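Report on one structure; see the data block that follows.
Indexing begins at 1, ligand by ligand and atom by atom, following the structure's order. All residue numbers in this chain count up from 1 along the given sequence. All values derive from a computational prediction rather than experimental measurement.
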Amino acid sequence: MRSPLMRVPSWPEEFRARYRAAGCWTGETFADFVRDRCERYAERTAVVGTDANGRSVRWSYAELGRRASAAADRLAAAGVTRGDRVVVTLPNIVEYVAVVLGLFRMGALPVFGLPSHRALELTHFCSLSDATALVVVGEWDGHDFRAMHDEVSAQLRSAGQEPPELIDVATWPSAPDPPTVSGSGAADGPGTAHPAEEVAFLQLSGGTTGISKLIPRTAADYLYSVRESASICGLGESTVLLVSLPAAHNFPMSSPGILGVLHSGGSVVLARDPSPRTAFRLIEQERCTMASLVPPLAQAWISAARRRTPDLSSLDVVQVGGARLSDAVAPQIREVLGARLQQVFGMAEGLVNYTRLDEPDGLVLTTQGRPISEYDEVRVVDAEDREVADGEEGALLTRGPYTIRGYYRAEAPNRDSFTADGFYRTGDLVRRLPSGHLVVTGRDKDQINRGGEKIASEEIEGLALSHPDVLDAIAVGLPDQYLGERICLVVRPEPDREVPDLTTVLGTYLRAAGLATYKIPDLITVLDDFPETHVGKNSRRDLRRTLAARLTDQVPAG
Ligand code: OOB
């Protein structure tokens, strides 16, 4: 028997009432959303891409609805029921959309893993969410996900927990089975007054303390951000969105992303891999009008477009977000790709900022946009949480109709990450302009942003420390002209042990421990002594800063 979802910190009733009255929160659930859009736009093209077995696929909205129902039936047959959590770790294949919509239809909660996650993370997500099933694609990029499911299951069993059922979409037939009696695995809505305000899925946080925390999102809050994003970005039935980033990321999922496009009746084109070659082929073939990229990918597109002169004439808007786009690269989106730039500064916890499509270049090229909603509350504060003047750098705090009030099952981190009156401490340093636009100037969280992928220093350090030859370990981000930051792990070896190639040994060790591929350090350095820092709460943070500064001077930029 799986445990029910635990209670999560949520909006006080006074705020709920305000967001309902303002029309931000509607009663629409994800099951309603899926049913309604698949019927409303039935004949239009919903999803183009490849399936788990590499076949090209083009689904209408009606077909997507059938596929979602078929997925729900399969999940139900594996024992998944309403309210259950299901960890999904699929690449950008069409089954991803069918599974997520299928889970929504049945009122089960997707937990959004990434295909780059490995046994360590997936065990943690399955354990924390008490997942009924793990959805994978048999083998991908040379990695055997079925074997990984075995590993996850063994780990959970040894901790006395029930392992998740394996759901392997690679074994699904290319045509859906005829619907079963249940029709779609969809049951009636839960018997609460506001089903849309129940937690509908768990998204992953970038993490600052150990492995990613789980972010509880509701249909009411999320669909509000999706509707507003779709409107800000001018989405409609003629929108063709290319999804090159991992589809489960909050950015390509909802800003406005896949959900924004499905809300508006447009088409989603899933790129199997993020290479410019694949992207350009799809843009030419499907006449894509929009794409969302992280800065390194934008740079890769720009340099590939200079060499190959692809036909990108259909491309109207290129969104860039997830990490700071440099002011020097920003103008090249128009100059080289011929598209309008939209900067997106968002977070899976909630707040999303966009530069608007009709704003002057001065704002679009140098700011990371302004909040979606007039109900987004933004405070830029100093170390004592006192508000600073516009134009001055401070820490960004936010609260609003689609920003969570706490992580799932994370009492202690919640005390650090949220103020007593419910503002989320984003960990980002920004300057706010009088127009409300934000410029991201840095970070005061112990996190590395490697080309848009977030990694908590502490997570890598903790794992390195579990190696018997390591006395201490510090993980820092060093400047990298392509990724923005690359991961450098600095280790202090146990003094009495002579390990000739500790760096190689450690690299292998971290991989074998089941760490996601994007978290494996780009560089491992051995130092016999670490600099002295003050003792106290921030000593590790000081040490990270000192080492990062020292190494940035010593190691040639990547
Ligand atoms: C997006 O979401 P997450 O949860 O992977 O990461 C959030 C963090 C932010 O707190 C900030 O540190 C960084 O990523 N970030 C940016 C940025 N966009 C995100 N830093 C500088 N400039 C930007 N434009 O990354 C995300 C979620 C929704 C939409 C877009 C991005």
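- A salt bridge links R432 with E387: the closest approach of a Lys/Arg side-chain nitrogen to an acidic carboxylate oxygen falls below 4.0 angstrom.
- Counting only heavy atoms of the protein, atom 24 (N) of ligand 1 lies nearest to V344 O, 2.8 Å.
- Nearest protein neighbour of atom 21 (C) of ligand 1, counting heavy atoms only, is R324 N, 3.2 Å.
- Remark: distances from the non-hydrogen atoms of K445 to ligand 1 include one below 4.0 Å.
- If you look at M347 next to ligand 1, the close heavy atoms, those under 4.0 Å, come from the backbone and the side chain alike.
- Taking the six-membered ring for Trp and thresholds of 30 and 60 degrees, Y19 and Y375 have ring planes more than 60 degrees apart, a perpendicular arrangement.
- For atom 18 (N) of ligand 1, the closest heavy atom belonging to the protein is G322 N, 3.0 Å.
- Taking the six-membered ring where tryptophan is involved, the planes of Y407 and F418 are perpendicular, since the angle between them exceeds 60° and thus also 30°.
- The shortest N or O to N or O distance between D428 and ligand 1 is below 3.5 Å.
- The cationic atom of R217 (NZ for Lys, CZ for Arg) does not lie both less than 6.0 Å from the six-membered ring centre of F112 and within 45° of the ring axis.
- To the nearest 0.5 angstrom, L351 atom CG is 11.0 Å from E377 atom CD.
- Atom numbering of ligand 1 starts at 1 in the shown order; those under 4.0 Å from a heavy atom of Q368 are 22 (N), 24 (N).
- Residue-to-ligand polar distances keep G452 apart from ligand 1: every N/O pair is separated by 3.5 Å or more.
- Annotation: A348 places an N or O atom under 3.5 Å from an N or O atom of ligand 1; distance criterion only.
- Residue, atom and distance of the protein heavy atom nearest to atom 8 (C) of ligand 1 are K454 CE, 3.7 Å.
- Within ligand 1, the atoms closer than 4.0 Å to a non-hydrogen atom of S255 are 28 (C), 29 (C), numbered from 1 in the order shown.
- Inter-residue side-chain proximity for T89 and F125 is flagged as unmet; no heavy-atom pair is nearer than 4.5 Å.
- Here the shortest heavy-atom distance to atom 31 (C) of ligand 1, taken over G442, G346, G427, belongs to G346.
- Ring planes of F280 and W301: perpendicular class, angle over 60° (limits at 30 and 60°).
- Rounded to the nearest 0.5 Å, atoms CG (D421) and CZ (R399) are 5.0 Å apart.
- Note that CZ of F30 and CG of L259 are 6.0 Å apart. Values are rounded to the nearest 0.5 Å.
- The heavy atom nearest to atom 20 (N) of ligand 1, out of those in S292, P295, G321, A323, is found in A323.
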